[in-house]
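Below is one structure; the comments refer to it alone.
These numbers come from the heavy atoms of this one structure, side chains and all, not from hydrogens, waters or symmetry mates. In the text below, chain A, chain B and the rest are named by the order of the sequence lines, each starting its count at 1.
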Number of protein chains: 2
Amino acid sequence: MKKQWRSHCPISFGLDVFGDRWSLLILRDIIFKEKKRYQEFLNSEEGISTNILADRLKLLEDHGIISKKDDPDNKKQILYAPTKKGLDLIPVMLEIIRWSGRYDLDTAVSREFIARLSNDLDGLIREVRSQFEKPQRLKKQRHKKESRK
Amino acid sequence: MKKQWRSHCPISFGLDVFGDRWSLLILRDIIFKEKKRYQEFLNSEEGISTNILADRLKLLEDHGIISKKDDPDNKKQILYAPTKKGLDLIPVMLEIIRWSGRYDLDTAVSREFIARLSNDLDGLIREVRSQFEKPQRLKKQRHKKESRK
DNA sequence: ATTGTTACTTGCAAAAAACAAGCTATTGAT
DNA sequence: ATCAATAGCTTGTTTTTTGCAAGTAACAAT
């Protein structure tokens, strides 16, 4: 990593990390479209070129926004996944979606999704995050008795 | 305007409009730092160059995110202001601020601001917007009696 | 009348993106 | 064991965008 930040203004900091035309699209693929593999990103409709994709994957990994690991079932495949830092960009992406849903006359966002952004933003965020959360080891059991099925 | 959208995915649409390293910084200056003039933008600490600034101001105006008008007091000065479409990007910027506040160890965001993002996001948004809203003509008076000071 | 300011524009070099091809380590099929 | 296919990249080359310096037109201030 060579780059310095232009400033420590938080907007500027954010833009230095993901303020380009591709980084958030890759993260969208990973988080909202559940894509995991290089070829899947390459096939996205916006048509990223392979060198740019390789570059952005590396940058996102360097910034700690995504992580990669080998596919246990297939040694030639690599699986990309979001880190917590990456998942914390969900609210940013959802607000972009809300804005585009309002101003793109031909937007692909459904009315239902827009409505949910207004009515249940937190639930939506939790739902999107949940699929990436490790199956959680149960915390210290509550003292209240619970019936088991 | 020559450009087409890469797709109607809302993330992609948003990035096509403001997904570069400068557009949101200019909007930050206008909305959060109350800057209005070309020179003020030029003087921002990130150091935008003049041709890029001119280009982005034009794009932002073409996209309906900012508007320009002549300064009534000084014919050679032009004043830039956010439109409603621009103000509607406040939530996006606030979420970027929240993220950077969390992950930039040297962030310029105060603890108080971060706290307010969590505790009173809507109030914060209203407060930021309010300074750009036209002094509103009073709406139809409410029927409930109100005492006047 | 001269000098300074403001909001740009223009020209050029450097950096980044897009486009096209090639390379290497698995695989799976024969 | 060999061979073609596939996945994940690299490596050129061209095109576009950026950064930097200088210049200009319209006004303002002295």
My understanding is that only residues two or more places apart in sequence, or in another chain, count here; which of them pass side-chain hydrogen bond (donor to acceptor under 3.5 Å, both in side chains) with Arg37(B)? none
Tell me which pairs pass salt bridge (charged side-chain N to carboxylate O under 4.0 Å, His left out) where either residue lies in residues 90-101 of chain B, with sequence neighbours left out. Glu95(B)-Arg98(B)
Nearest-neighbour nucleotide for the [X] side chain, [options] considered:
X: Ile78(B); options: dA21(D), dA7(C), dT10(D); answer: dA7(C)
X: Ile52(A); options: dT10(D), dA17(C), dG8(D); answer: dA17(C)
X: Tyr38(B); options: dC8(C), dA17(C), dG19(D); answer: dC8(C)
X: Asn51(A); options: dT11(D), dA7(D), dC8(C); answer: dT11(D)
X: Tyr80(A); options: dC9(D), dG19(D), dC8(C); answer: dC9(D)

All salt bridge (charged side-chain N to carboxylate O under 4.0 Å, His left out) counterparts of Lys84(A), not counting sequence neighbours: Asp88(A)
Using the test salt bridge (charged side-chain N to carboxylate O under 4.0 Å, His left out), find all partners of Asp55(B) that sit at least two apart in sequence or belong to another chain. none
Going by the side chain to side chain donor-acceptor pair (under 3.5 Å) test, which pairs reach into residues 38-52 of chain A, not counting sequence neighbours? Arg28(A)-Glu46(A), Asp29(A)-Ser44(A), Lys35(A)-Ser44(A), Tyr38(A)-Thr50(A), Glu46(A)-Ser7(B), Ser49(A)-Asn51(A)
Answer yes or no: is there an ion pair linking Asp62(B) with Lys58(B), defined by an N-O contact shorter than 4.0 Å? yes
In terms of the nearest nucleotide of DNA chain C, which residue is placed more toward the 5' end: Asp55(B) or Ile48(A)? Asp55(B)
What does the list of N/O pairs under 3.5 Å between the protein and nucleotides 24-28 of chain D look like, with a distance for each?
residue	atom	partner	partner atom	Å
dA28(D)	OP1	Lys75(B)	N	3.4

